[in-house]
Amino acid sequence: MSTTERYNIKSTEEKWQKIWAEKKCFEVTEDKDKEKFYVLAMLPYPSGRIHVGHVRNYSLSDVVARYRKACGYNVLNPMGWDALGLPAENAAMQNNTLPKDWTYENIAQMKEQLLSMGLAIDWSREVATCDPDYYKHEQKMFIDFYKKGLAYRKESVVNWDPVEDTVLANEQVVDGKGWRSGAPVERRKLHQWFFKITEYADELLEGIKTLDRWPDKVRIMQENWIGKSKGVQLSFDIKDTEETVDVYTTRHDTIFGVSFIVLAADHPLSEKLASDKDGYDDFIQSCQSTGTSEEAIEKAEKIGFDTGYKAINPLNPDVEVPVLIANYVLMGYGTGAVMGVPAHDQRDFEFATKYNLDIPPVILPEGESEEFFANQKEAYSGDGTLINSYFIDGMNVEDAKKAVEEKMIEMNIGEVKTIFRLRDWGVSRQRYWGCPVPFVYRESDGACIPVPEDQLPVELPEDIDYDAPGNPLDRHPTWKYTTCPETGEPAIRETDTCDTFFESSWYFLRYLDPNNKTRGFSDEASQYWMAVDQYIGGVEHAVLHLLYSRFFMRALRDCGYAVPDEPFAGLFTQGMVTHQTFADKDGNWLFPNQVMQKDGKWQTIEGGDDVTAGAVTKMSKSKKNVVDPQDIIDTYGADAARLFILSDSPPDRDLEWTDAGIEGAWRFANKLYRITEEAKDNLCAVGSKQPIEFSEKAKDLRSHTHKAIKGVAEDIEAFHMNKAVARIRELSNALSSFEAKDAGDQWALREGYEALIKLFNPMMPHLAEELWQSLGHDTLLTDESWPSYDEALLAAESVTIGVQVNGKVRATILHAADASKEEIETMAVNDPAIQKAIDGKNIKKVIVVPGRIVNLVVA
RNA sequence: GGGCCUGUGGCGGAAUGGUAGACGCUGCGGACUUAAAAUCCGUUGUCCUUAGGACGUGGGGGUUCAAGUCCCCCCAGGCCCACCA
């Protein structure tokens with residue numbers, strides 16, 4: 001084929017993008033007569049260039065958007081920019097620019113790239129979170145939360161990232177290191193703003209049950225993160241003092257197995273009881289120095305320090321047990337003190353063994369005698385019968401718990417308590433490029449006063465310098481000096497900015513009403529569009545972003561906003577995009593476009609040096625195993641890039657990017673163009689009226705077509721895009737090998753091609769639009785509806801099934817679709833191959849499932 | 001340590017309990033071409049010399065006329081959480 005006949009990607013894709021934009025094809029308004037469908041892709045951070053992960057994400061959301069639009073929904077598919085955050089500041093420091101300028105330049109670049117993908121996005125609703133008109137509204141929400149008691153300020157020990165000079169949320173500390181910088185986190189005491197997410201712990205947990213269109217793994221991760229546990233809190237008196245210590249346990253059945261009490265190193269009582277003891281300071285220091293790296297946690301030796309005091313078992317005052325301080329008890333969970341039951345808790349067991357503490361058993365596993373504990377090597381944490389436990393002897397674990405609870409309440413020494421692992425969300429960040437926390441502190445009395453609504457937004461100053469470490473807002477010469485809105489006295493602005501998860505917790509609401517100057521969104525828009533019907537993004541946000549957003553809806557609701565409890569009715573988490581890694585002989589990473597394969601061996605393109613092809617891993621800049629989607633789009637076109645990324649792997653699994661894969665997709669795009677052009681004489685000869693008679697093969701083709709229509713829709717709805725693509729390929733194979741002989745054939749062929757084009761439109765919209773036009777239509781395919789299928793045409797007139805003898809397939813037979821069981825059985829038994837397989841033996845049983853299988857049981 | 005997920009050809013992956021390997025990539029053979037590219041046709045799970053068989057979905061048991069699919073026990077890999085009392 002000459003090049004002039006080949007599908008011209010670039011001009012065609014640009015042409016249709018322009019037409020879609022001019023005709024505002026994807027701009028939507030609240031249309032009460034139409035059912036809405038809100039498709040949302042996680043908004044990108046404007047790093048400067050899109051990466052393949054973005055392409056995957058937005059290809060998926062685009063398929064959903066275009067499919068739902070074709071199905072008649074009023075589809076909202078917006079896009080915006082998660083534009084606040086640290087990288088802009090780092091870039092500003094390095095390049096001596098302003099974070100704002102850097103960010104907006106990146107947005108412009110990335111928008112151009114996204115436009116070249118041909119996405120069905122309503123760009124009129126574009127939002128950038130760094131726009132004061134955006135963060136103005138969240139400052140209002142912050143104040144609403146404050147007035148409702150959902151935002152508060154307290155001095156607390158924080159996770160301090162020494163590299164980024166900022167506070168990190170617990171969720172942002174991974175293995176004791178900052179999630180982004182990787183630096184070991186330090187502990188500092190600061191005044192911090194918090195959101196009371198714990199207020200909603202139970203509701204957030206319960207809400208998970210309603211999220212039936214979320215992946216199970218995300219729901220489980222959220223459940224674990226919230227970490228509800230039921231237990232009791234009870235008090236131990238400390239002998240010879242006025243002090244008592246509260247412990248929390250879920251195993252109160254083992255109360256008579258307590259042989260010591262352990263306090264966290266930073267428990268207030270630890271200092272009170274032991275600070276005057278020799279070695280205390282050293283001990284505390286060694287507690288704080290361990291437990292940062294992953295390895296340290298793995299191997300962390302349990303270390304303890306004896307306070308010398310004794311605690312009295314509240315249910316058995318005759319028993320006194322030592323009170324120790326140990327590094328394995330966490331101040332942040334429960335009460336920061338635990339009762340040591342070494343016989344039945346592995347951590348306590350290790351600790352007791354090391355420090356020679358008693359290990360009294362109180363639960364006997366079923367079928368064992370007390371001999372079981374004679375040479376105990378590890379704690380027994382299973383069920384069994386209570387022993388050595390006074391009034392609960394002989395009970396099982398569950399009954400014993402109940403009995404202890406009752407007794408405890410009766411004696412007024414404890415209470416049944418449910419606790420959560422979840423902590424309040426610390427939102428303060430000591431950074432410049434974030435949403436300013438809208439409060440001032442009056443100098444005269446330090447009163448914390450919200451900035452009045454008519455003075456919002458509190459805007460970031462633009463004349464900042466990065467010459468010193470720390471927060472540029474804090475050392476700005478004028479910005480923070482203001483007056484108290486109530487008294488007019490001198491006041492200091494809060495110089496903390498918000499965690500950037502704040503912006504992403506509600507951006508999907510801003511899309512609904514982006515031009516609303518007075519509120520972040522109107523109740524009417526929210527009531528029409530919310531909740532998001534299909535949210536799509538990476539699984540790395542399974543806990544943080546998704547949990548914060550869920551919290552936000554409830555907090556907003558309680559502040560009088562009209563929002564649903566659950567923001568995202570449907571969630572899909574896509575897999576990562578991976579690529580093979582390459583390294584030269586010195587172990588330096590090489591980009592894929594620096595290497596080539598020759599005679600089965602990898603070598604550098606320049607120089608032909610040996611290259612080691614390594615593992616296939618997530619694309620990352622540090623390993624250089626990245627491809628630039630823009631190069632791909634420029635070379636092969638957006639349609640081919642989109643098709644490849646949708647076709648090779650199930651979307652929830654990892655996808656390996658390969659050159660062969662993208663070339664295959666590109667070939668298929670060209671093939672679709674070519675076969676349509678080649679069939680055009682037949683396609684354009686068709687009249688508007690459906691012929692009465694069809695040849696057998698035309699009927700067969702129509703069956704193919706209608707099956708494909710049904711199947712592709714089902715696959716798209718189930719996010720099986722790879723299967724949808726396979727069906728489209730099958731249909732195209734059937735069409736391209738079809739020879740039209742009469743008018744009926746031509747009609748069936750045209751029906752097939754039109755369906756084909758509509759079916760691949762969600763994946764390859766430019767090509768689809770081009771071919772639609774080339775078939776003589778003067779409408780936009782984008783405005784066309786999804787083809788419908790005829791149930792009667794789905795079933796072929798005859799069907800080939802396997803015939804088994806004793807479960808092994810020995811032959812296949814072709815039977816009419818409406819054949820009776822008896823007819824099928826006769827056919828099967830009389831088949832020569834079956835006769836041979838039966839070999840004269842008796843047929844004991846015959847199973848006939850028409851359209852499926854025949855199985856003859858012989859002996 | 002806990003939780004979740006995944007194991008199917010050379011590769012990515014298909015299979016409401018019913019002909020395992022759809023669809024594609026790669027490879028091989030052929031057509032077209034002076035040649036190449038592109039394209040098209042055929043072929044491609046393994047083994048047995050073929051007709052035709054045997055084997056085959058990580059391993060071992062079980063249920064069933066029939067198991068990749070359901071049940072039990074192992075093994076391997078991945079992800080998440082993790083001294084959470």
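Please read all numbers here as calculations on a predicted model, not as lab measurements. Letters A, B, ... are given to chains in the order of the sequence lines, protein chains preceding strands, and every chain is numbered from 1.
Note on A:E714 versus A:K710: salt bridge recorded, some NZ/NE/NH1/NH2 to OD/OE distance being below 4.0 Å.
Nucleotide B:A66 forms no Watson-Crick or G-U wobble pair with any nucleotide shown, as no partner meets the under 3.5 Å limit on both distances. Applying the Watson-Crick and G-U wobble criteria (two distances, each under 3.5 Å), B:A76 pairs with B:U6. Shown here, B:C84 forms no base pair; nothing in the strands shown gives a Watson-Crick or G-U wobble contact with both key distances under 3.5 Å. Nucleotide B:A15 forms a pair with no other nucleotide shown, judged by Watson-Crick or G-U wobble geometry with both contacts under 3.5 Å. With a 3.5 Å ceiling on both atom-pair distances, the Watson-Crick or G-U wobble partner of B:A31 is B:U39. A 3.5 Å limit on both hydrogen-bonding distances identifies B:C55 as the Watson-Crick or G-U partner of B:G45.
Distances from the side chain of A:D648 to the nucleotides B:G12, B:G13, B:G53 place B:G12 closest. Comparing B:A14, B:C83, B:A20 by their nearest atom to the side chain of A:Q804 picks out B:A20. Set against B:U19, B:G13, B:A82, the side chain of A:V809 has B:U19 as its closest nucleotide. For A:T800, the side-chain atoms get nearest to B:U19 when compared with the rest of B:C81, B:U19, B:C80.
Using a 4.0 Å heavy-atom cutoff across all strands shown, A:R729 reaches sugar-phosphate atoms only and no base atom. Residue contacts shown for A:E730 are limited to sugar-phosphate atoms, with no base heavy atom under 4.0 Å away. Within the nucleic acid shown, A:I847 comes within 4.0 Å of at least one base atom, counting heavy atoms only. At a threshold of 4.0 angstrom between heavy atoms, the contacts of A:N733 are confined to the sugar-phosphate backbone, with no base atom among them. In this structure, A:K808 reaches the sugar-phosphate backbone alone: every heavy-atom distance under 4.0 Å involves primed, P, OP1 or OP2 atoms, never a base.
Glycosidic conformation of B:G9: syn, with the torsion inside 90° of 0.
Residue A:R727 places none of its side-chain N or O atoms closer than 4.0 Å to OP1 or OP2 of B:G24. Contact annotation: A:R852 does not reach the phosphate of B:G17 (side-chain N/O to OP1 or OP2, under 4.0 Å).
By the 6.0 Å and 45° rule, A:K302 does not stack over the aromatic ring of A:F351.
Below the 3.5 angstrom threshold, one finds a donor paired with an acceptor across the side chain of A:K302 and the base of B:C83.
Looking at A:T335, A:T244, A:D246 one by one, the single match for side-chain hydrogen bond (donor to acceptor under 3.5 Å, both in side chains) with A:S235 turns out to be A:D246.
At a cut-off of 3.5 Å, with distance as the only test, no side-chain donor of A:N625 or A:T581 sits close to an acceptor on the other residue. Looking only at atom types and distance, the side chain of A:E823 has no donor-acceptor partner in the side chain of A:H815 under 3.5 Å away.
Rounded to the nearest Å, the gap between the C1' atom of B:G68 and that of B:G21 is 11 Å.
B:C81 atom P lies 14 Å from atom CD1 of A:I220, rounded to whole Å.
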